[in-house]
Amino acid sequence: LQSLCSFACFPAPTLQFAMASSTAVANSAAGGSSSSSAHGGCAPEQDSAAVASEPPGKRRKKESLAKLSQLSEEDKRTFLLKMLKADMSGATDRVDKSWCMPDLTADGRTVDAGSGFNFDFRTRRIEMTDEAWGELAKASAVFAQHTEGASFDHARSGAEWWAQVRQSGHSDEAIQFHWDTDEVAVEQHGVNVHPHLSTVTYLTSCGAPTLIVDRHNALRPAESAAAHGPIESGLLSYPQEGKHVVFDGQLLHGTVPRAGPNASGDRITFLVNVWLNHRPSGCRRVTKALARRLGSVDLGVLVAAGAPLSEVQGGCSSTSTGGDRPQSSDALEVVFIRCEGAGATEAPRHRLVVPLPELGPSGATELIRWPRESAAGLWAADP
């Protein structure tokens, strides 16, 4: 299992992003070639006078890249993953002194973005050309596309992004059901702060589908019962290269490993969360110099509308007489906690039960409606 989840940066007010170096690591970790990345290739030859005049740090960097280009693909992957691990451990040790707790609206949002802001399930289509890869990698095109016409403070808003690689058949292939949150707000203030929107872009057509259900998180982890109740609708998205899925950042989501024609292979996704009037903890703002090198934002990368959502009905299952704790058969049933890691044993435990529709076609995106008599719901799990 290779999961690259800590590449997060925050844009300057120009909404421009950097991804070149992280693309190299993601590509190498996935077993691909890094020859087109910022890490690959040898530095051009220079005369001795030019080399001598270079700052020592820049010269050492060029020498390191030249050595890296001479390694085998397997050694490159090992080396880059070691760099990634060191970067991740260093990032978690640093205190984010400029982070601050945002003011929240009555419905738990960091800002009222206006009546026209769209929280609905929807998809877009990206033709994965070289140009589209370049624009998508900035994450700024995703942010600009989904905030057009919205009301917010550009200086305090931006996109958090990361990549994931999941290998089919691995014991940890599934992505645990969760809500996207700012963990510092949870740990230090006991409040769940969410992005306005969450997005998933599939870079391969392999692996488990994404399931999003209409259960909003509670405002405070201590009030987890507020997140429980029946589930009436959800979105089931099977991976398809270039498909871009958008949903409300307050909704519960995860993956559902299912047998199918494209179940095997590496599932690679690029995730972008849209944050308005708040910078989540640990995200680093792109420097102005780097933003200038990235160029302007091309909104054309996400203009193509995705295929219409096909509406299906979730299966019905028998329910017990246990009040608010329905039992079901022939359904997805998982128990999860708010987060993995330190303190997780004390976090609320949730039990998700959803009858699933029949296996959908490759690349399908299905809007699921669960009838009232179904067992679909989120409930408290036994300790």
Side-chain angles (χ1 to χ4, degrees), residues 101-123 146-147 150 152 157 160 175-187 189-200 210-237 245-256 271-278 280 309 314 324-326 332-339 347-355 366-372 374-381:
M101 181 67 191
D103 295 327
L104 300 179
T105 64
D107 56 354
R109 307 285 183 186
T110 53
V111 68
D112 181 354
S115 58
F117 195 84
N118 188 0
F119 290 102
D120 295 341
F121 293 132
R122 58 193 185 279
T123 66
H146 299 311
T147 58
F152 61 94
S157 305
E160 172 192 21
I175 297 174
Q176 175 182 269
F177 277 84
H178 63 283
W179 291 277
D180 291 339
T181 59
D182 185 331
E183 291 302 322
V184 169
V186 176
E187 300 295 343
H189 298 270
V191 177
N192 289 315
V193 178
H194 304 275
H196 264 61
L197 295 174
S198 296
T199 76
V200 180
T210 305
L211 177 63
I212 309 143
V213 297
D214 66 347
R215 291 310 308 176
H216 291 251
N217 202 2
L219 180 60
R220 299 180 181 275
E223 303 166 352
S224 59
H228 299 157
I231 294 174
E232 298 180 355
S233 65
L235 191 77
L236 186 64
S237 171
V245 177
V246 190
F247 56 97
D248 187 334
Q250 290 187 350
L251 293 184
L252 179 66
H253 57 285
T255 63
V256 186
L271 300 308
V272 178
N273 284 348
V274 173
W275 292 87
L276 301 182
N277 285 31
H278 179 61
L309 304 182
D324 63 352
R325 296 289 307 281
L332 170 71
E333 182 172 346
V334 294
V335 173
F336 65 94
I337 54 180
R338 178 185 64 79
C339 64
R349 289 164 55 86
H350 306 279
R351 176 171 169 263
L352 174 66
V353 179
V354 282
E366 300 176 332
L367 181 61
I368 306 175
R369 302 290 188 187
W370 282 281
R372 292 185 177 180
S374 78
L378 182 68
W379 317 100

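For the pair Val274 and Pro195, the minimum side-chain heavy-atom distance is 4.5 Å or more. Using a 4.5 Å heavy-atom cutoff, the side chains of Val186 and Val191 are not in contact. In this structure the side chain of Ile368 never reaches within 4.5 angstrom of the side chain of Ser233, judged on heavy atoms.
Considering only residues two or more places apart in sequence or on other chains, Leu252 meets the side-chain contact (heavy atoms from CB on, under 4.5 Å) condition with Phe177, Trp179, Val213, Phe336, Leu352, Leu378. In this structure, Asp180 has no salt bridge (charged side-chain N to carboxylate O under 4.0 Å, His left out) partners at least two apart in sequence or on a different chain. In this structure, Arg122 has no salt bridge (charged side-chain N to carboxylate O under 4.0 Å, His left out) partners at least two apart in sequence or on a different chain. Judged as a side chain to side chain donor-acceptor pair (under 3.5 Å), and not counting sequence neighbours, the contacts of Thr210 are Tyr202, Arg267. Applying the side chain to side chain donor-acceptor pair (under 3.5 Å) criterion to Asp107, with sequence neighbours excluded, gives Thr105. Under the side chain to side chain donor-acceptor pair (under 3.5 Å) criterion, Asn277 pairs with no residue, sequence neighbours left out. By the ring pair (Phe, Tyr, Trp, His ring centres under 6.0 Å) test, Phe117 is found to be paired with Phe119, His196, residues two or more places apart in sequence or in another chain being considered. Glu366 meets the side chain to side chain donor-acceptor pair (under 3.5 Å) test with no other residue; sequence neighbours excluded. With sequence neighbours excluded, no residue forms a ring pair (Phe, Tyr, Trp, His ring centres under 6.0 Å) with His216.
Between the OG1 atom in Thr181 and the CG atom in Asn273 there is a gap of 10.0 Å [rounded to 0.5 Å]. Rounding to the nearest 0.5 Å gives a distance of 11.5 Å between NE2 of His178 and CG of Leu251. One distance of note links CG of Asn118 with OG1 of Thr147; it measures 12.5 Å at 0.5 Å rounding. A distance of 4.5 Å separates CG in Asn192 from NE2 in His194, rounded to the nearest 0.5 Å. One finds the CG atom of Leu211 at 8.0 Å from the CG atom of Leu235 (value rounded to the nearest 0.5 Å).
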side-chain contact (heavy atoms from CB on, under 4.5 Å) evaluation trace for Val272 with Glu160 | CA-CA 6 Å; Val272 178; Glu160 172 192 21; over 6 Å; no
Would you sort out whether Met101 and Val193 count as a side-chain contact (heavy atoms from CB on, under 4.5 Å), showing the intermediate values?
-> CA-CA 9 Å; Met101 181 67 191; Val193 178; 3.7 Å; yes
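Trp370 contributes a side-chain N or O that, together with a main-chain N or O of Pro355, makes up a donor-acceptor pair within less than 3.5 Å. Judged by distance alone, with hydrogens and angles left aside, the side-chain atoms of Thr199 form no donor-acceptor pair with the main-chain N or O of Val245 at under 3.5 Å.
Pro280 and Asp182 get closest at one heavy-atom pair: CA-OD2, 3.1 Å. In terms of heavy atoms, Pro348 sits closest to Pro221 at CG-O, 3.5 Å. Closest non-hydrogen pair, Val200 versus Phe247, comes out as CG2-CE2, 4.2 Å. Residues Gly249 and Ser198 come closest through the heavy atom pair CA-OG, 3.5 Å. Listed here is the closest heavy atom pair of Arg215 and Ala227: NE-O, 3.0 Å.
Ion pairing of Asp214 with Arg369 is absent here, as no side-chain N (NZ or NE/NH1/NH2) approaches a carboxylate O to less than 4.0 Å. Salt bridge annotation for Arg351-Glu333: present, with a cationic side-chain nitrogen under 4.0 angstrom from a carboxylate oxygen.
Counting non-hydrogen atoms of other residues, nucleotides and ligands closer than 6.0 Å to CG of Asp103 gives a total of 12 or fewer.
For residues 220-229, the pairs satisfying side-chain hydrogen bond (donor to acceptor under 3.5 Å, both in side chains) are His228-His350, with sequence neighbours left out.
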